[in-house]
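Note that this is a predicted model, so its numbers are computed, not measured. Quick note: numbers below take in every heavy atom, side chains included, and nothing from hydrogens, waters or symmetry partners.
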Amino acid sequence: MTTWIIKTDAPGEGPRLAVKDAIDVAGLPTTAGCAAVAEAAAPAAADAPVVASARAQGARIAGKANLNELCMAADGVNPWSGTPVNPLDPSRVPGGSSSGSAVAVATGEADVAFGTDTSGSIRIPAACCGIAGLKTTSGRVPLDGVYPLSPTLDVVGPMGRDVAAVVLGMGLIEPGFAPVPYDGALPVARLRVPGVDPAIDAAVDDALRRLGPVSDVTSARYEEAATVNGVIVSAEGWEQNGHLLGDPAKLSGRVHRRIQQMKDVAEAGMLDWALGARRKLRAELDAILARHAAIALPVLTCVAPEPDEADESDLVLTALTGQANVAGLPAFALPVPLPGSHLPASVQLIGAAGSEERLCGLAAALEAALP
C-alpha cells in the first residue's frame, strides 16, 4: 500500500482529501517520507491551516499520502516508504515529490489531494499520472504546519483528476474560490525551450490551437532559472535539513548524498547571484504576462520515465518546472493527448501572480476544447 503513509478513511459525505505527508494533520505524525523524521515525529497537535480550512468545509481526510523522502526528488521513488505505482504504466515512475497525492487521485482513492511544490512537485506527478494540478502563487497559501524544504519556493496546492477537482481543492483551501472564465481577449504565449521531445511539443501545440490565438515568445532567462532554482533549494534545504546528516543510517543513500551536495552549493556563495537572477526572471515573465493570458509550455520534456538511480533523472524531470517557483508565479498542469502513446503529455500554464482564478478558467476552457 505504497500510495499512503497512513490511511485513515474518515467517514462522512464530503470530498475525500489525500494530504501529502509533509502537511500536518491533527493526531497523526508528519514523516516527510523519511525514517529520520518519522522516528522523532509526535502526532501533530493541530491541523495545518490548509487542512483545517478543508475540514471546516466538510472534507474528510482519506489519509497521509506518500512522497519522495524529505520532498527531495521528483521521481516519486522512496526506498523507505515504498514507491507509489503509476496507474498509467507500472514500469514508469509516478513523479514526485507529491507522488502519493497524484496516485490517490488518479486511482480514485481520493477526490482531491493537497501536495507541495518547490521545483515542480505538484506538476510533475500530475503529468506522470495524467491528472491536473496547480502550483499556487508564492505566499498565497499559508505554509504553517508544512515540513519545509525551501521556504521561499515551497507552496501548497491542489491536485485532481480534472480542472473541476482542482477548483474544488482551491475552494477547500480558500472558501469561495471561483474561476474566472477565459474570454480570449488576450492570447496565450507559447514559450519554446530546447530539449523537449518533438512529439510532446506537437501535442502541446495541437491542444493550444484548439483553444484560440497563440503567439510564440522567447525567454532569455528561462533555461538559466532551472539552475537558479537549484541554488536556492540547496541553500535553504541545507539550512532546513543539514542536521539530519548526523544520523546517516536513517537516510537513503541518495538523500544523504543530496544533502551533502546542498551543503557544497550553499557554501559556494552563489545565493546572491541566484537572487539577482530571480528578480530578472520575474521581470521578464511579468512583461510577457502583461500582454498574454498565460505562458504555455510542456510540464515535462518527455513522458514519465522508468526509474533511474542517477541523480540526473531529477534534472530531466524538473527542467521546465522550477522556473515558476523561482518567479513565484502560479502554474497549472493539465494532461493533453499524445498521439501514438498510452501516456499523455501535459501542458503547463503559467499565470501572473495571484491569477489562480483566471488560470483555472483558462485551464477549464482548454480542457473543454480537447478531444
Side-chain angles (χ1 to χ4, degrees), residues 18 74-76 84-96 98-113 115 117 120-135 157-170 179 182 188 190 196-211 214 294-305 316-321 324 330-351 359-371:
D75 56 7
V85 177
N86 186 328
L88 300 181
D89 184 338
S91 73
R92 310 278 179 154
V93 301
S98 305
S99 51
S101 296
V103 172
V105 165
T107 57
E109 293 183 74
D111 301 306
V112 65
D117 190 313
S121 286
I122 286 170
R123 291 160 286 155
I124 292 165
C128 289
C129 294
I131 66 164
L134 175 61
K135 175 233 175 279
M159 307 167 75
R161 283 184 76 90
D162 52 20
V163 176
V166 171
V167 170
L168 169 65
M170 275 305 293
Y182 177 58
V188 171
R190 175 65 164 97
V196 178
D197 180 328
I200 299 276
D201 260 340
V204 168
D205 287 337
D206 181 61
L208 293 171
R209 271 196 296 270
R210 296 168 185 272
L211 180 64
V214 178
I295 297 168
L297 71 161
V299 174
L300 300 175
T301 61
C302 56
V303 295
V316 172
L317 287 164
T318 61
L320 307 179
T321 52
F332 201 109
L334 183 72
V336 297
L338 181 60
S341 175
H342 64 293
L343 299 170
S346 184
V347 63
Q348 178 176 196
L349 302 169
I350 300 174
L359 205 53
C360 286
L362 174 62
L366 178 56
E367 181 183 65
L370 294 174

* Carboxylate-amine/guanidinium proximity below 4.0 Å for Arg210 and Asp206 -> yes
* Evaluate the side-chain proximity of Ile131 to Asp162: yes if any heavy-atom separation is below 4.5 Å, no if none is. => no
* Asked: Given the rule in the side chain to side chain contact (heavy atoms under 4.5 Å, CB included) test, do Thr301 and Val316 qualify, once you have shown the distances and angles that lead to the verdict?
  -> CA-CA 7 Å; Thr301 61; Val316 172; 3.8 Å; yes
* To do: Give the minimum heavy-atom separation between Ala165 and Val112, together with the two atoms involved.
  => O-CG2, 3.5 Å
* First locate atom CG of Asp201, then atom CG of Asp205, and finally report the distance between them rounded to the nearest 0.5 Å. => 6.0 Å
* **Student check: side-chain heavy atoms of Ile350 and Phe332 closer than 4.5 Å** => no
* Please examine the side chains of Leu134 and Leu359, heavy atoms only from C-beta on, and report whether any two atoms are closer than 4.5 Å. => yes
* May I ask you to test the Pro158-Leu168 pair for a side-chain heavy-atom distance under 4.5 Å? => no
* Asked: By side chain to side chain contact (heavy atoms under 4.5 Å, CB included), which residues pair with Leu88, not counting sequence neighbours?
  -> Asn86, Leu343, Pro344
* Structure fact -> From the list Asp117, Thr318, Thr321, side-chain hydrogen bond (donor to acceptor under 3.5 Å, both in side chains) partner of Arg123 resolves to Asp117
* Asked: For Pro87 and Thr107, which heavy atoms make the closest approach, and how far apart are they?
  -> CB-CG2, 3.9 Å
* Can you list the residues that meet the side chain to side chain contact (heavy atoms under 4.5 Å, CB included) rule with Ser101, with sequence neighbours excluded? -> Lys20, Ala65, Ser98, Ala113, Met159
* Taking only residues two or more places apart in sequence, or in another chain, which ones meet Pro198 in a side chain to side chain contact (heavy atoms under 4.5 Å, CB included)? -> none
* All pairs passing side-chain hydrogen bond (donor to acceptor under 3.5 Å, both in side chains) where residues 332-347 contributes a residue, at least two apart -> Asp89-His342
* Counting N and O atoms only, with roles assigned by atom type, does the side chain of Arg92 sit under 3.5 Å from a partner on the main chain of Ala304, one being a donor and the other an acceptor? -> yes
* Minimum heavy-atom distance between Leu370 and Pro335, given as atom pair plus value -> CD1-O, 3.6 Å
* Would you confirm whether Gln348, through its side chain, and Ala296, through its main-chain N or O, come within 3.5 Å as a donor-acceptor pair? => no
* Can you measure from CG (Leu297) to CZ (Arg190) and round to the nearest 0.5 angstrom? => 7.0 Å
* **Pro305 and Leu317, any side-chain heavy atoms less than 4.5 Å apart** => yes
* **Smallest separation among heavy atoms of Gly96 and Ile124, with atom names** => O-CB, 3.8 Å
Identify each donor-acceptor pair in which a side-chain atom of residues 360-369 lies under 3.5 Å from a protein atom, sequence neighbours left out, and give them as a table.
from, atom 1, to, atom 2, distance (Å)
Glu367, OE2, Val163, N, 3.1

* To do: Could you tell me which non-hydrogen atom of Val166 sits nearest to which non-hydrogen atom of Gly160, and how far apart they are?
  => CG2-N, 3.6 Å
* Quick one: are Pro125 and Val103 in side-chain contact, heavy atoms under 4.5 Å? -> no
* Any Pro84 side-chain heavy atom under 4.5 Å of Ser99 side chain -> yes
* Asked: Taking C-beta and beyond as the side chain, do Pro298 and Val347 meet within less than 4.5 Å on heavy atoms?
  -> no
* **Closest heavy-atom pair and its distance - Pro90, Val85** => CB-CG1, 3.9 Å
* Structure fact -> Applying side chain to side chain contact (heavy atoms under 4.5 Å, CB included) to Ala345 and not counting sequence neighbours gives Ile200, Ala203, Val336, Leu338
* **Under 3.5 Å donor-acceptor, Arg161 side chain and Ala106 backbone** => yes
